[in-house]
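To start, the structure itself, in structure tokens.
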Amino acid sequence: MTEIVPVARAFEPAGLGQELSVRGWVLRSRSSGGILFLQLRDRTGTLQITARRDALGEPAFAAAEHVQIEGAVRVRGTVAEDRRAPGGRELRAEEITVIDAGAPFPIFQDQTEEFLLDQRHLAVRSQEHVAMWRLKASLLRAFRRFFDAEEVLEVTPPILTGNAAEGGAEAFRFDYFGRPGYLSQTAQLYLEALLAPNERVYALTPSFRAEKSRTPRHLTEFMHLEVELAWCDLDGLTDFIERMLVSVLHEIAERSGRELELLGRPPSELLSIVAPFPKISYESAVDRLRSQGFDFAWGRDLGTAEERALTLESRSPLFITRYPRETKAFYMLQSPDDPRTVEATDLLGPEGYGEIVGASCRETSIERLTEQLRARGVDPAEYDWYLDLRRHGNVPHAGFGIGIERLLRFVTRREHIRDTTPFPRTPSRHTP
Ligand code: ATP
């Protein structure tokens, strides 16, 4: 038996005229009389296979003809030129071994979104989905490369926790051997604990939010990339976020152009995103919204409609800084010159895509942290371990969280965030 090689080998200059064996899944199949055409797909691409009844012999030809879409075969043959074949070459089969003929594939064109979500375990193989998973992997690689270069240490915080760090209402609660347990909404408090002496740490973990809001940008489980930086103020934080995003967006533009094109985002558009990103205060965002006709009171959180209006016409991400205290979590640092606001910034994606990064400097005063916990109806004793961090080597620090799917939604111009993750979790769905 000839060595099994990736289908891409057939398209190499030296491939022409070679005998080789490939294996993979059948993307399309068409039989016309004595000739069978298969499109065979493996991790490196697709290759047209042509099989003649007289070359294969009757039983082998009949078996190959019965292979369903997404069935699996191994093929030995010779690479030949064919102008009509995708890529201009085909493999003329001398032998086809059926590995799994498969049952009729249930997915075809023009099916409803709900049906496709029910069949997600099979739909994830489509060309568009595969491009998305590859792009996502490429994006995560780019982040890791950036963090390695910046000496940010990867750490592994827990997912099962005893505190609902971002507020009880949106936490998934479960019974942890008779005590309340929560699925992590953020790893931030643990990253703060791991900050000394590493100075810069990050974690990539799933976060869980029991948000009932059915918006096109909320999942109940998402990949959360969180970073914590010691000795960092608001300017240092926005600088870091800018450099990071420009670096990863340019890297995927350069390395994953094919996937980006296929998903509808020309790589040049990502390359045109450069630092510095514009920054406006929450205060000016409110003024801007009012001038656009919004009846918006100071102190409210920016919702989907407001964030969209602020960036719809923009090609660059936009930082909004210094939010009202009440709209944000208990651990954010009070602004030095205004007790009503915190040193927090959200980065909104361009083109109306809304919040992609949530960032802030962290409060260092135990008194203020305790006060803020009480103001939110939380007993500070529950956070004693966290408050301890302010008792031992309490230094200025800041950090942020970025939703990988939120970023991908903008990058790939998807209407709904569920398209950016293989098995989306939303209030109405946690299967398959
Ligand atoms: P939003 O106001 O948009 O619901 P948030 O303020 O609750 O977001 P943070 O707690 O700051 O978000 O979380 C940091 C980042 O995690 C967000 O900027 C976003 O990219 C991502 N994120 C938060 N919640 C979700 C979610 N439900 N689904 C997907 N990504 C999310």
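Values in this document were obtained by computation on a predicted structure and should not be read as measured data.
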Check: Looking only at heavy atoms, which two atoms of V7 and G45 are closest? And how far apart?
Finding: CG2-O, 3.3 Å
Check: Honestly, is R390 close enough over Y386, meaning NZ or CZ under 6.0 Å from the six-membered ring centre and within 45° of the axis?
Finding: yes
Note to self: Is it the case that the side chain of Q39 and the backbone of R28 share a donor-acceptor pair, with hydrogens and angles ignored and the cut-off at 3.5 Å?
What the structure shows: no
Note to self: Return the CZ to CG distance between F143 and L245, rounded to the nearest 0.5 Å.
What the structure shows: 5.5 Å
Check: Taking the side chain from H397 and the backbone from V395, do they hold a donor-acceptor pair closer than 3.5 Å?
Finding: yes
Item checked: Residue pair E3, R9: steps toward the salt bridge (charged side-chain N to carboxylate O under 4.0 Å, His left out) verdict -> CA-CA 12 Å; E3 185 202 356; R9 192 72 74 78; 5.0 Å; no
Notebook entry, point to check: Nearest heavy-atom pair of A171 and Y182: which atoms, and what distance?
Noted result: CB-CD2, 3.7 Å
Next item on the list: Please name the pair of heavy atoms, one in V73 and one in V98, separated by the smallest distance, quoted to 0.1 Å.
Entry: CG1-CA, 4.2 Å
Item checked: Exam field: side chain R376 to backbone V378, donor-acceptor pair closer than 3.5 Å -> no
Next item on the list: Decide side-chain contact (heavy atoms from CB on, under 4.5 Å) for R217 and T304; before the verdict, give the C-alpha distance in whole Å, the side-chain angles of both, and the deciding distance to 0.1 Å.
Entry: CA-CA 9 Å; R217 59 180 209 171; T304 304; 3.6 Å; yes
Item checked: Pairwise side-chain contact, L369 with Y383, heavy-atom cut-off 4.5 Å (strictly under) -> no
Margin query: Can you tell me if H416 has over 12 outside heavy atoms packed within less than 6.0 Å of its NE2?
Written below: yes
Notebook entry, point to check: Below 4.5 Å, heavy atoms only, C-beta onward: do H121 and P432 meet side chain to side chain?
Noted result: yes
Margin query: Quick check on salt bridge (charged side-chain N to carboxylate O under 4.0 Å, His left out): which of R144, R145, R141 does E251 satisfy it with?
Written below: R145
Next item on the list: Verify whether one side chain among Y202 and E226 offers a donor that lies under 3.5 Å from an acceptor in the other.
Entry: no
Next item on the list: Evaluate the criterion side-chain contact (heavy atoms from CB on, under 4.5 Å) for residue pair I404 and L204; output intermediate values, then yes/no.
Entry: CA-CA 9 Å; I404 296 297; L204 176 63; 4.1 Å; yes
Next item on the list: Look at atom CZ of R391 and say whether more than 12 heavy atoms of other residues, nucleotides or ligands are closer to it than 6.0 Å.
Entry: yes
Note to self: If only side-chain N and O atoms count, and only distance matters, is there a donor-acceptor pair under 3.5 Å linking S281 with T321?
What the structure shows: no
Notebook entry, point to check: Is there a ring-ring contact (aromatic ring centres under 6.0 Å, His included) between W25 and F105 once you walk through the steps?
Noted result: CA-CA 12 Å; W25 290 262; F105 199 60; over 10 Å; no
Margin query: I want to check something: taking the side chain as every heavy atom from C-beta on, are K136 and T421 in contact at a cut-off of under 4.5 Å?
Written below: yes
Note to self: I'd like to know whether E19 forms a salt bridge (charged side-chain N to carboxylate O under 4.0 Å, His left out) with R76, so could you lay out the CA-CA distance, the side-chain angles of the two residues, the decisive distance to 0.1 Å, and finally the verdict.
What the structure shows: CA-CA 7 Å; E19 180 178 290; R76 180 174 59 78; 3.7 Å; yes
Item checked: Set of ring pair (Phe, Tyr, Trp, His ring centres under 6.0 Å) partners for F208, sequence neighbours left out -> none
Check: What distance do Q188 atom CD and L195 atom CG have between them, rounded to the nearest 0.5 Å?
Finding: 10.5 Å
Margin query: Which label fits W133 and H129: parallel for a plane angle under 30°, tilted from 30 to 60°, or perpendicular past 60°?
Written below: parallel
Next item on the list: In plain terms, say whether E283 and R322 are close enough for a salt bridge, that is, a side-chain N and a carboxylate O under 4.0 Å apart.
Entry: no
Note to self: For a quick test of reading the model, state the closest non-hydrogen atom pair linking S138 to I252 and the distance between them.
What the structure shows: OG-CG2, 3.6 Å
Notebook entry, point to check: Is there a donor in the side chain of S360 and an acceptor in the side chain of R362, or the other way round, less than 3.5 Å apart?
Noted result: yes
Item checked: Donor-acceptor contact present, side-chain T311 to main-chain E351, <3.5 Å -> no
Checklist line | Heavy-atom check, side chain of L347 versus side chain of E355, under 4.5 Å | finding: no
Checklist line | Flag, side chain of R120 to backbone of P422, donor-acceptor distance under 3.5 Å | finding: yes
Checklist line | Carboxylate-amine/guanidinium proximity below 4.0 Å for D118 and R429 | finding: yes
Next item on the list: Using the six-membered ring of W298, assess whether NZ or CZ of R290 lies under 6.0 Å from its centre and within 45 degrees of the ring axis.
Entry: no
Notebook entry, point to check: At what distance, to the nearest 0.5 angstrom, does CG of L348 lie from CZ of R308?
Noted result: 13.0 Å
Check: Should D82 and R89 count as side-chain neighbours, where that means a heavy-atom distance under 4.5 Å?
Finding: no
Margin query: Rounded at 0.5 Å granularity, tell me how far CD1 in I402 sits from CG in L225.
Written below: 6.5 Å
Checklist line | Charged N-O contact under 4.0 Å between E343 and K328 | finding: no
Check: So how far is it from L262 CG to S256 OG, rounded to the nearest 0.5 Å?
Finding: 12.0 Å
Note to self: Please check this pair: side chain of D233 against backbone of G236, looking for a donor-acceptor N/O pair closer than 3.5 Å.
What the structure shows: yes
Note to self: Atom CZ of residue position F294 - does it have more than 12 heavy atoms of other residues, nucleotides or ligands inside 6.0 Å?
What the structure shows: yes
Item checked: Check: L263 main-chain N/O paired with R414 side-chain donor or acceptor under 3.5 Å -> yes
Margin query: Just so I know, are the side chains of I99 and R74 near enough to count as touching, which here means a heavy-atom distance under 4.5 Å?
Written below: yes
Notebook entry, point to check: Side chains of E113 and F115: closer than 4.5 Å at any heavy-atom pair?
Noted result: no
Checklist line | Distance-minimising heavy-atom pair for V201 and L191 | finding: CG2-O, 3.6 Å
Next item on the list: For T44, enumerate each residue passing the side chain to side chain donor-acceptor pair (under 3.5 Å) test, keeping only those at least two apart in sequence or located in another chain.
Entry: D42
Notebook entry, point to check: Do other residues, nucleotides or ligands put more than 12 heavy atoms under 6.0 Å from the CZ atom of R125?
Noted result: yes
Checklist line | Shortest non-hydrogen separation from R406 to I417 and the atoms involved | finding: N-CD1, 3.8 Å
Next item on the list: Keeping the roles fixed (side chain from R409, backbone from E415), state whether a donor-acceptor pair exists under 3.5 Å.
Entry: yes
Notebook entry, point to check: Going by distance alone, is a donor N or O of one side chain under 3.5 Å from an acceptor N or O of the other, for S207 and Q185?
Noted result: no
Check: In terms of heavy-atom contacts, does CD of Q127 have more than 12 from other residues, nucleotides or ligands at under 6.0 Å?
Finding: no
Note to self: To the nearest 0.5 Å, what is the distance between CG on L27 and CG on L38?
What the structure shows: 10.5 Å
Next item on the list: Output yes when a side-chain donor or acceptor of R200 lies under 3.5 Å from a complementary backbone atom of E150, and no otherwise.
Entry: yes
Next item on the list: Answer whether the closest heavy-atom distance between the side chains of E363 and M332 falls below 4.5 Å.
Entry: no
Next item on the list: Just do the side-chain contact (heavy atoms from CB on, under 4.5 Å) check on L229 and E199 with the steps written out, would you?
Entry: CA-CA 6 Å; L229 306 167; E199 299 182 49; over 6 Å; no
Check: Going through the distances and angles, do D346 and V357 end up as a side-chain contact (heavy atoms from CB on, under 4.5 Å)?
Finding: CA-CA 6 Å; D346 285 353; V357 181; over 6 Å; no
Notebook entry, point to check: Are any side-chain N or O atoms of S247 and backbone N or O atoms of R243, one a donor and one an acceptor, separated by less than 3.5 Å?
Noted result: no
Item checked: Ion pair check, R300 and E306, cut-off under 4.0 Å -> yes
